[in-house]
Amino acid sequence: MYELYFSEIFNTVKTFECGQIFRFESDDSGKTYIGALIDRIIKITQKDPHTLIISSNKNSNLEKIVNSFFRTNDNYIDMQKSIKIDSLMKKVVNYSNGLHLLNQDNFECSISYILSQCSNIPRIKRNMKDLAKLYGKSAIFEEQEFFLFPSRSDLIDITEEEFRDLGFGYRAKYLRNFIKNNPSFLIEPILDSEIFNKNLQNIEGIGQKVADCIQLFAYGDISHFPVDTWMEKFMIKYYNDEKKISKKKIRELGTSLFGKWAGYAQEFIYYYARNHPQFFPSKLKK
DNA sequence: ATCCAGGCATGCA
DNA sequence: TGCATGCCTGGA
């Protein structure tokens with residue numbers, strides 16, 4: 001057990017409930033979160049606005065894994081400054097203050113975003129929980145049973161039908177394909193960001209949005225700006241005079257406005273928009 | 001009862 | 001390139 005200090009604000013509720021991660025849970029309304037991280041169970045307790053208390057069932061290499069998970073090398077203050085490009089973004093950044101991007105396990109995280117399409121957070125959480133409980137190894141932490149996320153070899157013989165029986169719908173095929181083929185560049189990532197992106201999109205079931213999410217949340221490339229329906233609503237409303245514009249253009253716009261910190265900007269906007277649904281039409285005009 | 005959700009692949013202009 | 005449609009499921 002040790003303390004992890006941030007000079008900026010760190011808010012566990014915003015970080016774990018914003019929709020970027022699906023398998024960490026709190027049983028005391030946000031003070032403590034517990035979940036599996038790669039090969040171990042991690043417990044995170046908010047001590048004060050700058051300090052987390054970290055504990056785990058496995059201490060080898062713990063600080064390194066945790067630092068990577070929480071992206072402790074990011075200059076959060078600089079990031080916030082450079083995203084505050086106008087009064088609106090100032091409001092968005094202040095509203096989201098304390099939300100940190102997480103650098104997740106790439107296999108687990110990639111699967112969560114393959115399953116995310118045309119779904120919703122509670123359902124994705126249920127899907128991921130089912131996978132872990134059925135196929136993952138169990139681990140005991142503080143006398144409670146948890147499940148690690150299954151490895152590729154744990155899932156290699158699971159058929160599309162079995163995934164369908166778990167309620168994955170047409171995504172079952174994509175998941176089966178992803179596990180079966182799992183190209184080598186996923187293990188040793190291609191350095192060029194856009195080439196990696198194109199390679200991801202060559203995998204059946206992964207399009208622009210999921211590829212961006214995988215790079216952002218699973219491979220820590222925070223220059224990506226995934227455009228989902230919320231991003232579309234926000235950007236059209238505030239940065240395109242409420243006129244319809246393609247998702248591709250919105251992605252370009254986000255990248256040019258926010259540069260290397262686009263991933264943070266995206267998550268802040270997503271968090272802001274979802275918590276202010278009254279500002280955004282439920283359905284966009286064509 | 002429709003409708004549509006944190007998309008994608010496909011087919012067509 | 002841009003747009004329409006079907007796809008599984010399940011919650012509103």
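The sequence lines fix the lettering, A, B, ..., with proteins before strands; numbering per chain opens at 1.
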Figure out the [atom1]/[atom2] separation between [X] and [N], and round it to whole Å.
X       : N      : atom1 : atom2 : value
H224(A) : dG6(B) : NE2   : C1'   : 18 Å
F217(A) : dG6(B) : CZ    : P     : 14 Å
R164(A) : dC7(C) : CZ    : P     : 10 Å
R123(A) : dC8(C) : CZ    : C1'   : 7 Å
Y174(A) : dG6(C) : OH    : C1'   : 10 Å
K233(A) : dA5(B) : NZ    : P     : 6 Å
L200(A) : dC8(B) : CG    : P     : 11 Å
F280(A) : dG6(B) : CZ    : C1'   : 15 Å

**Asked** Taking for each residue the nucleotide of DNA chain B with the nearest heavy atom, is it Q201(A) or Q266(A) whose nucleotide lies nearer the 5' end?
**Response**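 With Q201(A) and Q266(A) compared, the 5'-side residue is Q266(A).
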**Fill in**
Of E204(A) and K209(A), the one whose nearest nucleotide on DNA chain B sits closer to the 5' end is K209(A)
Euclidean distance for [atom1], [N] against [M] (whole angstrom):
N      : M       : atom1 : value
dT5(C) : dC4(B)  : C1'   : 15 Å
dC8(C) : dG11(B) : P     : 15 Å
dC3(C) : dG6(B)  : P     : 22 Å

Do [X] and [N] share a donor-acceptor pair, side chain to base, under 3.5 Å?
X       : N      : result
Y113(A) : dG7(B) : no
Y270(A) : dG6(B) : yes
R171(A) : dC7(C) : no

Below 30° counts as parallel, above 60° as perpendicular, anything between as tilted: where do the rings of [X] and [Y] land?
X       : Y       : answer
Y170(A) : Y174(A) : perpendicular
F258(A) : F225(A) : parallel
Y272(A) : F279(A) : tilted

**Request:** Consider the side chain of R274(A), meaning its heavy atoms from C-beta on, and name the nucleotide among dC8(B), dG6(B), dC8(C) that approaches it most closely.
**Result:** dG6(B)
**Request:** Return the nearest nucleotide to the side chain of W230(A); candidates are dG6(B), dC8(B), dC8(C).
**Result:** dG6(B)
**Asked** Is there a donor-acceptor contact under 3.5 Å from the side chain of H100(A) to the main chain of I9(A)?
**Response** yes
**Message:** I'd like to know whether NZ of K173(A) has more than 12 heavy-atom contacts from other residues, nucleotides or ligands below 6.0 angstrom.
**Reply:** no
**Any strand: nucleotide that pairs with dG6(B) via Watson-Crick or wobble, under 3.5 Å** =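 Across any shown strand, dG6(B) pairs with none.
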**Asked** Does any nucleotide pair with dC8(C) by Watson-Crick or G-U wobble geometry, both distances under 3.5 Å, and what is it?
**Response**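 Checking every strand shown, dC8(C) finds no partner, since no pair has both distances under 3.5 Å.
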**Item:** No-hydrogen, no-angle side-chain donor-acceptor test under 3.5 Å, Y264(A) and D74(A)
**Value:** yes
**Request:** Looking at every strand, decide which applies to I121(A) at a 4.0 Å heavy-atom threshold: base, sugar-phosphate, or nothing.
**Result:**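 The residue I121(A) makes base contact.
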**Request:** Looking at every strand, decide which applies to I203(A) at a 4.0 Å heavy-atom threshold: base, sugar-phosphate, or nothing.
**Result:**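 Result for I203(A) = sugar-phosphate.
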